[in-house]
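No hydrogens, no waters, no symmetry mates; every other heavy atom, side chains included, goes into these values. Just so you know, ligand 1 is whichever comes first in the structure, and atom 1 is the first atom listed for that ligand. FYI, the numbering just counts along the sequence from 1.
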Amino acid sequence: MGYDTVIGLEIHVELKTSSKIFCGCKNEFGGEPNTRCCPVCLGMPGTLPVLNKKVLEYTVKAGLAMNCKTAGFSKFDRKNYFYPDMPKAYQVTQHNLPICYDGYVDIVVGHEIKRIGIERIHIEEDAGKLIHSSDGQDSLIDYNRCGVPLIEIVTRPDISSPEEAKIFLETIKTILEYIEVSDCRMQEGSLRADVNLSLKPKGSNTPGVRTEMKNLNSLRAVQRAAQAEAERQARILDAGQEVYQETRRWDDHKGESFVMRGKEESMDYRYFPEPDLPPVCLDENFVRTIKKSMPELPGMRRERYVNQFGIPKYDAELITQNKHIADLFESTTEICGNPKLVSNWIMTEIMKRINETGEMILESINGENFGQTLLLLDKGEITHASAIQVIDVLLETGEEPVKIIERLNLRVQRDETLVEDTITQVINDYPDALNDYISGKEKAFGFFMGKTMAALKGRGDPSQVKRMLAKELQKRMNQ
Ligand SMILES: [Zn+2]
């Protein structure tokens, strides 16, 4: 407890361009091993890489969305090291002149906004993939991922808790989805993070020794790994020992980390300028055109929702975290006209279903059918329970809400005679409860209410039933 946690993140993002970074090979997850590669991405002697313009565009887009400056002049470098998944024995990256630098991203922690500095965003190529056989005897290499375009987002060490690290990564993911430069599928490795973490005595300005945790591929893993590492370092410092600067690997199943390599073994990558690629001189017009085409970002949307629709900041924050959900909120509100009702339903019933079955449900529900359902609810034509039923059916069948309501006979029953007869019947059926009520037991009212609503098959109008039930019970008391 006596330490401040200092965290910086390095986030690798695969860009969803249609072709790879330096060749025309298809950029897509999966595929039969070694079917999406060519002499260029395999780094054969005599081949020449050519930079994919889309990569440049997407990187600038990401930079602008994260409030970065764009460099008029930047270049590529070779990072030399040997690994079997990298046939060239070097990775093309940007060492000291990244394309974007000096930005920031605001995150919401509790009810506070916190600003996290972005040191740089640079472009690099991804490596291939090693597949190890289960008996540990063989390793196979799939080069399909070689030359997939990546950006690396490097933060300043402004993150001060594992929870903030998770929120930050979540925010970055949302932004990247809004600007549509990556599919951000963490389970497929499109977005992965390295966590740099150190502790220092509370309030101190002297930085502690930091460790680096590599390749975390879920929001949960980032938070858990950071938490475990902070605790591990605290135990070492509490025991009066030294934390070593090292690279560690997180095992999410075991919930612990292991040393990959220490500082002594740290690599000297012998960076040097990539001779096969010319430096990049960003044209002002190019940047300006991208700036003009930028979509509305989550933070901007959040504010607009509060101002335009008058929903609470909390609702706006939750809804804008996912672009598809935000789109659903807007199209539904357009039909239903009651923004707060829509946000309530999204935050409860819709999010519950997304958590249970995944985001695919957003393909079955849209502003039209969801809006119609909520409009009928808002007008009192169906009850809350019926609206839930309608949504479940339309998610399954895609049927129109009005048709579902007619077919299942869900319209609210307001026929005075019918309601009155039902109430009389219910009271007659439960003489003990009536005696309870007459002797002053308030709870009996709720009992009758429930029984009447059930007898009306959930289609009664609660306020009407309540009013008529009170009247009838009063009459019985006076008898
Ligand atoms: Zn290729």
Side-chain angles (χ1 to χ4, degrees), residues 10-63 74-95 97-100 121-132 138-153 176 179-192 215 217 269-282 286:
E10 289 169 22
I11 303 165
H12 285 93
V13 184
E14 284 182 0
L15 301 177
K16 59 169 184 187
T17 52
S18 48
S19 56
K20 289 186 181 179
I21 183 167
F22 299 127
C23 62
C25 291
K26 198 171 181 182
N27 172 27
E28 205 175 277
F29 181 78
E32 279 292 302
N34 300 309
T35 54
R36 288 171 189 164
C37 31
C38 71
V40 174
C41 52
L42 290 173
M44 297 291 176
T47 58
L48 275 180
V50 178
L51 180 63
N52 181 343
K53 195 175 173 187
K54 270 279 177 229
V55 172
L56 214 51
E57 190 187 314
Y58 283 6
T59 310
V60 170
K61 228 172 165 182
S74 73
K75 66 171 173 69
F76 290 97
D77 301 275
R78 288 186 182 183
K79 181 181 181 180
N80 297 280
Y81 65 97
F82 173 77
Y83 205 69
D85 64 7
M86 212 174 49
K88 289 189 288 195
Y90 62 83
Q91 179 190 28
V92 177
T93 179
Q94 298 193 290
H95 180 45
L97 291 172
I99 197 124
C100 302
I121 302 177
H122 65 258
I123 301 172
E124 58 187 34
E125 61 179 338
D126 212 344
K129 220 183 255 177
L130 289 179
I131 301 147
H132 306 286
D138 305 288
S139 289
L140 303 168
I141 311 178
D142 177 5
Y143 288 123
N144 282 354
R145 205 176 65 181
C146 266
V148 164
L150 291 177
I151 52 173
E152 182 174 335
I153 304 164
L176 294 167
I179 59 174
E180 300 179 325
V181 299
S182 172
D183 61 26
C184 296
R185 291 195 188 119
M186 297 193 80
Q187 69 282 10
E188 290 178 2
S190 308
L191 183 69
R192 40 196 206 258
N215 272 330
N217 61 359
Y269 293 114
R270 300 266 159 177
Y271 286 100
F272 69 83
E274 163 64 63
D276 287 344
L277 286 162
V280 176
C281 300
L282 271 191
F286 181 74

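- Residue contacts to the Zn ion (ligand 1): Cys41 brings an N, O or S atom closer than 2.8 Å.
- Asp142 and Arg36 are not joined by a salt bridge, as no carboxylate oxygen comes within less than 4.0 angstrom of a charged side-chain nitrogen.
- At least one N, O or S atom of Cys38 sits under 2.8 Å from the Zn ion (ligand 1).
- Applying the side chain to side chain contact (heavy atoms under 4.5 Å, CB included) test between Phe22 and each of Val50, Asn52, Leu51 identifies Leu51 as the sole match.
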key: Residues Lys75, Gln94; criterion side-chain contact (heavy atoms from CB on, under 4.5 Å); working and verdict   = CA-CA 6 Å; Lys75 66 171 173 69; Gln94 298 193 290; 5.9 Å; no

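- Between SG of Cys23 and SG of Cys25, the angle at the Zn ion (ligand 1) works out to 110°, rounded to 10 degrees.
- Considering Lys88, Lys20, Arg145 in turn, Lys88 is the only one that fulfils the salt bridge (charged side-chain N to carboxylate O under 4.0 Å, His left out) rule with Glu125.
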